[in-house]
Structures are given as C-alpha cells and as structure tokens.
Amino acid sequence: MIRFEQVTKRYPDGTTAVDGLSFEVAEGELVTLVGPSGCGKTTTMMMVNRLIEPTSGRILLDGEDIMRADPVTLRRRIGYVIQQVGLFPHRTVLDNTATVPALLGWKRGRARERAAELLDLVGLDPKTYGPRYPHQLSGGQRQRVGVARALAADPPVLLMDEPFGAVDPVVREQLQDEFLRMQATVRKTVLLVTHDIEEAVRLGDRIAVYGQGRIEQYDTPGAVLGTPASAYVAGFVGADRGLKRLSVTAIERGDLEQPPVVRMDETGQRAAARMRAQRARWAVVLDADGDLHGWVGLEELDTADAVSTLAHRMNAWVPVGAPLKQAFGVMLQHDAGWVAVLDGSRFLGVLTPAKLHEALRRSVDADAQGVARGQVDFDSVSDA
Ligand code: ADP
Ligand code: MG
C-alpha cells in the first residue's frame, strides 16, 4: 500500500534527515516508526502526503508514484493527525470534525451526520460534545476529535505523528486502547510516529526502529523485542525487553493445560471419587455447555450435595488471545498458580507459569523464523 524505495531527504541547510530509506506497509497494517528525537520520523511521514518532497528515491501509494499524483487529490486519500491537533478554536467540535467532508463539497446535513458518526466512533457522544468548542474539552478529548476529523473523508491511509504524546499516561493508555479497537473495525493503513518504545510495541503490527536517518530493524514487535538486530536496537528497546514481550505475545489454545474437570450437576462424592482417581486436589467446575462455573477443592466434596452448591467463584481468568502479561498480572493479583482461559464464557483450559514461560519461548522462535516477512527485497526494484 505504501512503499518507500531508497528515499533520501536532504534539507537545504545540508541536514540529511532520511538516508536511503526502503520499506513497505501492507494494506490494513499499522506500522509504528519509533526512534529518538531528530532521527527522521516526521520527515518520513510528511513525505507521504507531500508536505515535504524527497531529494531522491520514490514513494508509491497503491502502486502509484506520489510525485505523479495531484497533491490535493493525494491528501484526500490520506488522513493526518498531529500532536498539536490543530482544531479551529472558533468552530464547534461537530463542525471541526465535518471540515474535510465540507471541503469535499458534501451537503451540510450529510457532512454533519458523518461527523456525528465519527465522534461516536472515537468515544465522544455527539449530543454532548458536538456543540462544544475545543477549549471546553480535555487534552485527551481534543486528541480524539483530531482522530475523528482525520477519518472524516474515510481515507484508506492514516498518518499519525505522536498522536497521543501530549496527554498523561493514564489517558494515553485509554486512547491507545480505543484506537486499537477502532482500527480493528476500520482497518486503515496506518503509519504512526512515536518516540516511546512501549507505545510502538503496543500499537504496531510491525515497528520500524530508527537510528539516525535510517531504519535499523523493521519487524513484528515480538521479533524486535525477542531478537534485536543490533546492539543499538537492543539498547533502544531496553534491558526489560523480555518483560515487554509479555505484552505482545498472545495466549493461544496450544499453550493451555487441561486440569481435572467436574460437572455442576454431579454430587460432591462422585466428583471426589473421580478426582482421587486422578490424584487431583482441585478441579474446575463446568456447566453442561462447557462454560466456566468455578472451582472446588477435594476436601470440600465429601457430601451428597451437588457440586454447583460447593463451588467457588473463579476470579483468575483471562480471555484467549489476551497478552501473556495480562495472564501474569491476574496470577499475581489473585495469588493463583494458574489462570483459566475462556473463549467468551466457554472454558478452554488453564495457563500455568511453566506454560507461560513456554509460550514466551515459542514467540521468539516463531518470530526468528518469520523474519523474512519483515524484509523487502529491493534488488528486483532497482532493475525494473
Ligand atoms: P523526528 O521527527 O524523528 O524527531 P525530524 O524528521 O523532525 O525528526 O527531523 C530529522 C532531522 O532533520 C533533524 O536533525 C532535524 O533537525 C532536521 N530537520 C527537520 N526539519 C528541517 C528543516 N525544515 N530544515 C532543516 N533541517 C530540518
Ligand atoms: Mg517528529
């Protein structure tokens, strides 16, 4: 969808901001550009919508050289979100959001309808916030309006330059979560700049780690954290990269163990007999549909009562697909030796510390084999 081929940008004063940059972003992919201040991230971004023009090299959007495109038409296909948001202070939130559709000549009613939909999408009730002015919003809310406005003309591509940089850490995490939820539905091709490795790892399908004017590694978060390409990248991602990897590795069904299971409608004695045969001290209690009801300990079962009346509520659970970090957090919080993993309310199995460790190793092995996915072969390009 977006392809950089040997792109260099030299500013008139001689500064080389970007040097021979080659990478590709697939359609619907969210790529984060991360690196220290001044390494060329913003320059990279602004060349995509031609706010800055490359000194040499080519940028292709959907196969078309952007230098051949009409800049105005080009920018309609590209939403742009910046840290300072740049909302019009004397226009309401609704009108700010409707700016682009209005520029595109949409009828006023339709533009406002679209703006209301988008405010809803970014988690702002249009009835409450639509009539307000930007100064009547919090920083986080203003940032959401910026995102809504960038999406207004439904562009396939979204450029975001430090979009969550100006808000406090708690709001920031909230905005990141909401953005990921939104991205799961709208599936834009996104380039997002950040100087924060945590943010890059959390949001990116892939991350480009920048050194001075060039990309040092371009790969999945798991691979960058698991197998940094150089000492520079290892230093940039931090000594706690093993811990960070917990938050980008999802729990899979294959990671789970199957503990002893008893049914809600059996008697305690019957369940106890079966558990003794398996030498189990506790069991998971499921209902007839395989949904999780709770858990019981062996010593509580020597009665004719139904298991359903004896079971304890199970608080230590996570949904399948959640990051390992979440499972680890739940284990610590409930002081539990394992957590139940559910698909909806259906019980799939439990994750133990040993399995968690295995899953973490699996993620590194898989990423090491999958490195080719993140590489682009430009030799064929220069011949063409
Ligand atoms: P980042 O976004 O990663 O902080 P930038 O792309 O803004 O980095 O800048 C990369 C380099 O280019 C920096 O050294 C910066 O000072 C320089 N630079 C940016 N804009 C200009 C400009 N208009 N003229 C000269 N140098 C510039
Ligand atoms: Mg910048």
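Atoms within each ligand, like the ligands themselves, are counted from 1 in listed order.
- Residue Ala17 approaches ligand 1 through these ligand atoms, each under 4.0 Å from one of its heavy atoms: 10 (C), 11 (C), 12 (O).
- Residues Leu121 and Met160 share a hydrophobic cluster, clusters being chains of Ile/Leu/Val/Met/Phe/Trp/Tyr side chains in contact below 4.5 Å.
- If you check which protein heavy atom lies closest to atom 15 (C) of ligand 1, you get Thr15 CG2, 4.8 Å.
- Shown here is His357, whose NE2 atom has no more than 12 heavy atoms of other residues, nucleotides or ligands within 6.0 Å.
- Within the structure, every pair that satisfies the salt bridge (charged side-chain N to carboxylate O under 4.0 Å, His left out) test and touches residues 94-108, not counting sequence neighbours, is listed here: Asp95-Arg112.
- Sorted by chain and number, the protein atoms of type N, O or S within less than 2.8 Å of the Mg ion (ligand 2) are Thr42 OG1.
- For Arg10 and Thr16, the side-chain atoms include at least one donor-acceptor pair closer than 3.5 Å.
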Salt bridge (charged side-chain N to carboxylate O under 4.0 Å, His left out) between Asp240 and Lys244, intermediate numbers included: CA-CA 6 Å; Asp240 62 339; Lys244 290 193 181 102; 2.7 Å; yes
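- Under 4.0 angstrom from ligand 1, the non-hydrogen atoms of Thr43 come from both its backbone and its side chain.
- Within 6.0 Å of the OH atom in Tyr80, the count of heavy atoms belonging to other residues, nucleotides or ligands exceeds 12.
- Taking the six-membered ring for Trp, Trp338 and Trp282 have ring centres closer than 6.0 Å.
- Protein heavy atom nearest atom 7 (O) of ligand 1, with residue, atom name and distance: Thr42 CB, 3.7 Å.
- Ligand 1 lies nowhere less than 4.0 angstrom from a heavy atom belonging to Gly35.
- The closest protein non-hydrogen atom to atom 22 (C) of ligand 1 is Tyr11 CD2, 3.4 Å.
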Quick one: do Asp343 and Arg253 satisfy salt bridge (charged side-chain N to carboxylate O under 4.0 Å, His left out)? Show the steps, please. CA-CA 10 Å; Asp343 178 6; Arg253 285 164 199 257; 3.0 Å; yes
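- Nearest non-hydrogen protein atom to atom 8 (O) of ligand 1 is Gly40 N, 3.2 Å.
- Backbone and side-chain nitrogen or oxygen atoms of Cys39 are examined, and one is located within less than 3.5 angstrom of a nitrogen or oxygen of ligand 1.
- Crowding of Glu27 atom CD: a count of heavy atoms from other residues, nucleotides or ligands under 6.0 Å not exceeding 12.
- In the model, Thr43 has a side-chain atom that pairs as donor or acceptor with a side-chain atom of Tyr11 under 3.5 Å.
- For Thr194 and Asp196, the side-chain atoms include no donor-acceptor pair closer than 3.5 Å.
- Residue, atom and distance of the protein heavy atom nearest to atom 10 (C) of ligand 1 are Gly38 O, 3.4 Å.
- In this structure, atom 13 (C) of ligand 1 has a protein heavy-atom contact shorter than 4.0 Å.
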